[in-house]
Every structure is written in C-alpha cells, then in structure tokens.
Colleague: 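Encoded as structure tokens, here's the structure I'll be asking about.
For the numbers below, each heavy atom of this structure counts, side chains included, while hydrogens, waters and symmetry mates do not. What you see is a predicted model; the values in this text were computed from it and never measured. Proteins get letters first, then strands, A, B, ... in listed order; numbering begins at 1 in each.
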Number of protein chains: 2
Amino acid sequence: MQIKNMIEEKNLKVTTARKELLEILSSEKKPLSFEDIKDKISMDKATFYRNISKFESESMVNSFESNDKKRYYEIQEFPHAHFICNGCSNIECLENAPLPKLDGYTIMDVIYKGMCKSCNATQ
Amino acid sequence: MQIKNMIEEKNLKVTTARKELLEILSSEKKPLSFEDIKDKISMDKATFYRNISKFESESMVNSFESNDKKRYYEIQEFPHAHFICNGCSNIECLENAPLPKLDGYTIMDVIYKGMCKSCNATQ
DNA sequence: TATGCTAATGCAACTAAGTTGCATTTAAGT
DNA sequence: ACTTAAATGCAACTTAGTTGCATTAGCATA
Ligand SMILES: [Mn+2]
Ligand SMILES: [Mn+2]
Ligand SMILES: [Zn+2]
Ligand SMILES: [Zn+2]
C-alpha cells in the first residue's frame, strides 16, 4: 500500500489518523478544508491540524487560504495554480496552467479568482 | 476634497468614520488589514467591518486573504496582481504585472506567493 | 435654524477556524 | 512482552470577523 510508504519515507509513525487523512486527501482530486473532511474522519480536530501541519513541513501536503476564511489542503504533486470562483465558490486545480515567471521573485503558488467556466456560461 | 466626493458618488452618508477610513486607505500604497489600521482610527471594529463591506459592494475597495488569516483591503484602482512573500510576509502590489488570461474564465484577481526580491537577495 | 426620519455607530455578546496544555494511549525498536 | 518517545483526545483558549440592539448623527424638508 502506497499510503503507508508515503508516511514511512518521511520517518513518521504510521498511525490510523495519518493513514485516514492521506487516504481522503489522495482520493479527492481537489483541495479540501477541515470542514469538508471532518465527517469522514474519526480523529479530533487537534490531531487533524497537527498532522496536516507535519505533512506540510514534510512537503507531503500544500495548502492555501480561500475567501471563506478556511484553509484548503491537497496532496502535493507537481506545482500548479488554483482557481477560486467568486460565483459558486468552487475551487479548481489548474493542472495545465504552468506557474508564471516574475523577474527577481520566486513564485511558489498562484491563486486566480474570478468567474469559472460554468458560472460564465450560465450568467 | 475628493474623499467626500467618492462617498457622495455612491449615495452614502458622509460620516467621519467613512472619511477617516478612506483617508487612511488612500494614503497607503499597499493593502492594509484591520490590525494595521486599528490604532489610527477612532471607530469601533464593527463599524470598520460594516463600512469596508459596504465599500466593497460599491466597488470602492477590494480585498484578499493573506496567509496570516487576515484580510487585506485597498482602494480599488485599476486591477493588478499581488505578491505575498512566504519569507517576510510583505505584500506587494504588482502594478506592472497585468492580469493573465485564461480561456473560458474571467480572472478578476491574482495572488502570487513565494519569495520576494529582497528575501531572494539576502537568502 | 429647528424637526424628524433613517442610516450609521458603539458596545457587548457571539461565532468559528485554528492552537495549546496536559494526561493518556499507541507505534515501533529491543 | 517491555520501554519510551511520539501521537492522540479532550477541553480550554485565541482571535478575526459578525450580529443584535439601543443610541446617535447625517441629511432632507419646512
Ligand atoms: Mn490543486
Ligand atoms: Mn494592490
Ligand atoms: Zn463558478
Ligand atoms: Zn520577502
């Protein structure tokens, strides 16, 4: 099982909470907040946040703030931009939009906000 | 005085709180949080947030979340991207970086995160 | 300039995401 | 199986932002 390996590779203890959390993040193709996840997990929110924080410091997970005051987490694969729709609040991973360059800066993350395709179509 | 006119143009009452708030946002060239502003204003935080919210719905002000869990506000001029530094947490207005295009989407706001010029230089 | 209506304000209580301290449990090496 | 440090659950806390309500202050009209 690759989830177990992911945890062992970082020299972290393989706990049920960690397996549960990575399982859910891996099975979704879009970023999730604690709110999105909380009914699917058995761990306490303190455990959720402590593990997410560890996963982030080990570069297994990355996250960003949306405009609903919540933080969204996803398994860190190759870097890509995200689109947050001001209409329907949906968050999309833009896997085909490479991160732009900006002279002198190192761009590590990009968030676009605006109207998504379906909100544009039905407007 | 143009601050007074800005408020009257939107058919809002010209109150001292509103003048104070727009005065401070106008005098700064970068986005500010309530935390940044609170010692410079005399109004209550409820009044701050209610007015900021009205200014946003009237398109006088725009805002975005940073990664410190705070919302940053600025006078809405021409649209431009923002850069948030993961090193020093500074927020820059990228007035010369036009908003990119993305097929099918309407991009209204862009936030880049990473390392700023000075953090890159001293690293 | 005084009067009256309504929107704006101050205050205090509340909400909710995320954090922290601490006692208990559990993974994993021996 | 035994040991030990790391992980967990729980409850209390922190803090940005919100809300209800009584009071105040713009602004229109006379
Ligand atoms: Mn993504
Ligand atoms: Mn700006
Ligand atoms: Zn949408
Ligand atoms: Zn920096």
Side-chain angles (χ1 to χ4, degrees), chain A residues 1 3-25 31-58 60-74 84 89 91, chain B residues 1 3-25 31-58 60-74 84 89 91:
Chain A
M1 159 192 270
I3 294 279
K4 187 163 176 268
N5 291 348
M6 274 178 66
I7 302 170
E8 283 170 338
E9 266 172 28
K10 302 293 180 177
N11 297 311
L12 299 177
K13 282 193 185 175
V14 181
T15 65
T16 42
R18 284 177 183 162
K19 283 186 285 182
E20 210 179 6
L21 195 41
L22 290 176
E23 206 78 66
I24 290 170
L25 289 176
L32 299 172
S33 65
F34 172 68
E35 184 72 19
D36 294 330
I37 286 177
K38 67 163 192 266
D39 293 333
K40 301 173 183 167
I41 58 179
S42 51
M43 81 200 71
D44 185 72
K45 65 175 177 172
T47 303
F48 170 87
Y49 285 115
R50 282 189 281 230
N51 276 322
I52 277 285
S53 169
K54 184 141 284 185
F55 292 159
E56 288 206 74
S57 67
E58 295 290 346
M60 302 163 75
V61 161
N62 65 281
S63 72
F64 56 90
E65 293 278 335
S66 182
N67 38 18
D68 61 0
K69 279 176 258 154
K70 291 177 199 156
R71 195 152 197 104
Y72 285 78
Y73 306 93
E74 67 180 351
I84 300 174
S89 295
I91 297 175
Chain B
M1 162 192 267
I3 295 280
K4 188 165 176 265
N5 291 348
M6 276 177 66
I7 303 170
E8 284 170 338
E9 266 172 26
K10 302 293 179 178
N11 296 312
L12 299 177
K13 282 192 186 176
V14 181
T15 66
T16 43
R18 285 177 181 161
K19 284 185 286 183
E20 211 179 3
L21 195 41
L22 290 176
E23 205 79 66
I24 289 169
L25 289 175
L32 299 172
S33 66
F34 173 67
E35 185 71 20
D36 294 329
I37 286 178
K38 67 161 192 266
D39 293 333
K40 300 174 185 167
I41 58 179
S42 50
M43 79 199 72
D44 184 73
K45 65 176 176 173
T47 303
F48 170 88
Y49 285 114
R50 282 188 282 230
N51 276 322
I52 277 286
S53 170
K54 185 141 283 184
F55 291 159
E56 288 206 75
S57 65
E58 295 289 345
M60 302 162 75
V61 161
N62 64 282
S63 72
F64 56 90
E65 294 277 334
S66 183
N67 37 18
D68 61 359
K69 280 176 258 151
K70 291 177 200 158
R71 195 153 197 104
Y72 286 77
Y73 307 93
E74 67 181 350
I84 301 174
S89 296
I91 297 174

Colleague: Tell me which of B:A46 and B:K70 sits closer to the 5' end of DNA chain D, going by the nucleotide each one is nearest to.
Modeller: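 On the 5' side of the pair lies B:K70.
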
Colleague: Using whole Å, what does the distance between atom P of nucleotide D:dA7 and atom CD1 of A:I52 come to?
Modeller: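 The distance from CD1 of A:I52 to P of D:dA7 comes to 15 Å, rounded to the nearest Å.
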
Colleague: Could you tell me the separation between the CG atom of A:L22 and the C1' atom of D:dA7, rounded to a whole number of Å?
Modeller: 15 Å

Colleague: Roughly how many Å is it from CG in B:N51 to C1' in D:dG26, rounded to a whole number?
Modeller: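 Between C1' of D:dG26 and CG of B:N51: 13 Å.
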
Colleague: Specify the separation, in whole Å, of atom OH of B:Y49 and atom C1' of C:dG10.
Modeller: 16 Å

Colleague: Nearest to the A:E35 side chain among C:dA17, C:dG10, D:dT8, which nucleotide is it?
Modeller: C:dA17

Colleague: A:K38 has an atom NZ; how far is it from atom P of C:dG18, in whole Å?
Modeller: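 After rounding, the gap between these two atoms is 11 Å.
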
Colleague: Parallel, tilted or perpendicular: which describes the rings of A:F34 and A:Y49, with under 30° parallel and over 60° perpendicular?
Modeller: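 Aromatic pair A:F34/A:Y49 classed tilted.
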
Colleague: Looking at every non-hydrogen atom in both residues, tell me the closest pair between B:K10 and B:M6 and how far apart they are.
Modeller: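 Result for this residue pair: CG-O, 3.6 Å.
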
Colleague: Please determine whether any donor N or O and acceptor N or O are separated by less than 3.5 Å between the side chain of B:R50 and the base of C:dG10.
Modeller: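 Check passes, donor-acceptor contact within cut-off.
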
Colleague: Can you tell me the distance, in whole Å, between the CG atom of B:L21 and the P atom of C:dG10?
Modeller: 12 Å

Colleague: Categorize A:K54 for me: base, sugar-phosphate, or nothing, with a 4.0 angstrom heavy-atom threshold over every strand shown.
Modeller: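 Sugar-phosphate, backbone atoms only, no base.
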
Colleague: Is it true that A:E8 and A:K4 make a salt bridge, defined as a side-chain N closer than 4.0 Å to a carboxylate O?
Modeller: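 Between A:K4 and A:E8 there is a salt bridge, with a charged N closer than 4.0 Å to a carboxylate O.
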
Colleague: How far does CD1 of B:I7 sit from NZ of B:K54, to the nearest 0.5 angstrom?
Modeller: 12.5 Å

Colleague: 5'-most contact on DNA chain C: B:K45 or B:R18, nearest heavy atom basis?
Modeller: B:R18

Colleague: Roughly, in whole Å, what's the span from CG in A:D68 to C1' in D:dG17?
Modeller: 13 Å

Colleague: Report the residues that fulfil side chain to side chain contact (heavy atoms under 4.5 Å, CB included) with A:S66, sequence neighbours left out, ordered by chain and then residue number.
Modeller: A:D68, A:Y72, A:I84, A:I91

Colleague: Without decimals, in angstroms, what is the distance between B:K69 NZ and D:dT14 C1'?
Modeller: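 Those two atoms, NZ and C1', are 9 Å apart.
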
Colleague: Output a table of nitrogen or oxygen pairs between the protein and nucleotides 25-29 of chain C separated by less than 3.5 Å.
Modeller:
from   : atom 1 : to    : atom 2 : distance (Å)
C:dA27 : N3     : A:K13 : NZ     : 3.4
C:dA28 : OP1    : A:V14 : N      : 2.7

